[in-house]
Enquirer: 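Provided herewith is a single structure, encoded as structure tokens, for subsequent inquiry.
Side chains are part of it too, since the values below use all heavy atoms of this structure and drop only hydrogens, waters and symmetry mates. Read the numbers this way: they start at 1 and go in the same order the structure lists the ligands and their atoms. These figures come from a predicted structure and were not determined experimentally.
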Amino acid sequence: MTSNRFKIGQSIGIIGGGQLGKMMAQSAQSMGYKVNILDPDPTCPARYVAHQFIESPYNDLDGLKQLSDLSDVITYEFENINADTLKEICAENHVPQGHETVGILQNRLTEKEAIASSGAIVVPYHKVDSKETLDHAIVNLDYPIVLKTVFGGYDGKGQLVLKSAEQLEEAYNMTDSAVLVAEKMIELDREISITATRNLQGEICYFPVQENVHRNQILFKTTVKKEHAYTEQAIAEVEKIISKIHFVGTFTVEFFIDKAGKLYVNEIAPRPHNSGHYSIEACDYSQFDTHILSVIGHTLPESITLHEDAVMYNLLGQDLDAMENHFPEHPEWHVHVYGKEVRKENRKMGHITLLLDDKADTYYPIYKEKME
Ligand code: ADP
Ligand code: MG
């Protein structure tokens, strides 16, 4: 695709209408493109910023064909689309991201195998699909262990931290219903991630290294600074991975750093990521802008400039309840509310970005007083 083939007024079809689909759509629209959204939920956040909305299950071939007929290019906001269904759509439509990468990354086992085979370092793990294989994993890895379902987990869902033999019954039960990965639980010093965007021409741009704090396995806070001690090492790991796994679009690699300072690749999201949301205000291009540029075949910026050091806090249901009355007095809090109909505990309802020269320390003291 030449760099000027995608014309203003052409349309982008997005599979999934959550907050990531909404923010992708907003970027695309600001560049002059139309956006069509497919989602099973007629009240999903992206519906209200879409030119056309198709209410359909993600894996329904008819719905996906309808989306394809309306759209000049197809992308997705999440990786749990059935890879076989996506393959059929790829056969007849322009889906620059393809289906192979989703197929590999939506399964924690094939994901880890692919990362390890690239030479990047992953946390020691075993496949678990029976009591016997769980016993074997425990002997090899030793407690504490994190058990994760191979398919479909997010925000810590589908995970069990196995600290001792006392929890064996619960763990055995888990093996009855799903294939699992047993992972050594790392004593974490820090968690970081790096977001990058690659286009079909092979150009790649990197966002700054993101330091992430999780609470209850859900991202709580991301901090970015102009410099980070792990930048070179993190990019080197990403380069190994992209030599093995084909990426187009925005993707994020999550890392663990243990107490000895050793870096491990945790997982990869082949889409814009929660830890990259600060880029909307803090960078010259957001992770959604570069995603759209890449899927429409444009040239990418050579590098991303972080205008200001920044911090992003997620607004879960309970955070929004506690904090929304304070929004009117804090114009320095860049508030994003996704527009989900139902506000629930631990559901991601929005986020706040603060630029560090922008009174960043005004948010947390209030949050602390309300929540802790
Ligand atoms: P999800 O798909 O839910 O994001 P992750 O594997 O990234 O799943 O796990 C969520 C969080 O749980 C991680 O960011 C980390 O804080 C914690 N965690 C997961 N696996 C491990 C591990 N092996 N060692 C230490 N912490 C872990
Ligand atoms: Mg994760």
Enquirer: Looking at F6 versus Y33, is the centre-to-centre ring distance below 6.0 Å?
Expert: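 Between Y33 and F6, which both carry aromatic rings, the centre distance is below 6.0 Å.
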Enquirer: Taking the Mg ion (ligand 2) as the reference point, name the nearest N/O/S atom of E254.
Expert: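 Atom name returned: OE1.
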Enquirer: Flag D155 as yes if one of its N/O/S atoms falls below 2.8 Å of the Mg ion (ligand 2), otherwise no.
Expert: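 So D155 does not bind the Mg ion (ligand 2) by this criterion.
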Enquirer: Say whether V102 and I14 are linked into one hydrophobic cluster, either directly or through other cluster members, by side-chain heavy-atom distances under 4.5 angstrom.
Expert: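 In one cluster with V102: I14, no.
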Enquirer: Near ligand 1, which residues have a heavy atom under 4.0 Å away from one of its atoms?
Expert: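 The 4.0 Å shell around ligand 1 contains R108, V146, K148, G153, Y154, D155, G156, Q159, E183, K184, M185, I186, L188, E191, H214, Q217, E254, F256, N266, E267.
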Enquirer: Indicate, with yes or no, if the rings of Y58 and F78 have centres closer together than 6.0 Å.
Expert: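 Between Y58 and F78, the centre distance is under 6.0 Å.
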Enquirer: May I have all residue pairs that pass ring pair (Phe, Tyr, Trp, His ring centres under 6.0 Å) and include part of residues 259-284, sequence neighbours excluded?
Expert: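 Output for this query lists H277-F288, H277-H351.
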Enquirer: Of all the N, O or S atoms in E267, which has the shortest distance to the Mg ion (ligand 2)?
Expert: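 Looking only at N, O and S atoms of E267, the one nearest the Mg ion (ligand 2) is named OE2.
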Enquirer: Can you sort out the partners of D155 under side chain to side chain donor-acceptor pair (under 3.5 Å), two or more places apart, ordered by chain and number?
Expert: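 Partners of D155 under the side chain to side chain donor-acceptor pair (under 3.5 Å) test: K348.
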Enquirer: Under the 4.5 Å side-chain heavy-atom rule for ILVMFWY, direct or indirect, which residues accompany V139?
Expert: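 The other cluster members (ILVMFWY side chains, heavy atoms under 4.5 Å, direct or chained): none.
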Enquirer: Please say whether the positively charged group of R215, taken as NZ for Lys or CZ for Arg, lies over the ring of F220, i.e. under 6.0 angstrom from the six-membered ring centre and within 45 degrees of the axis.
Expert: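 So R215 does make the cation-pi contact.
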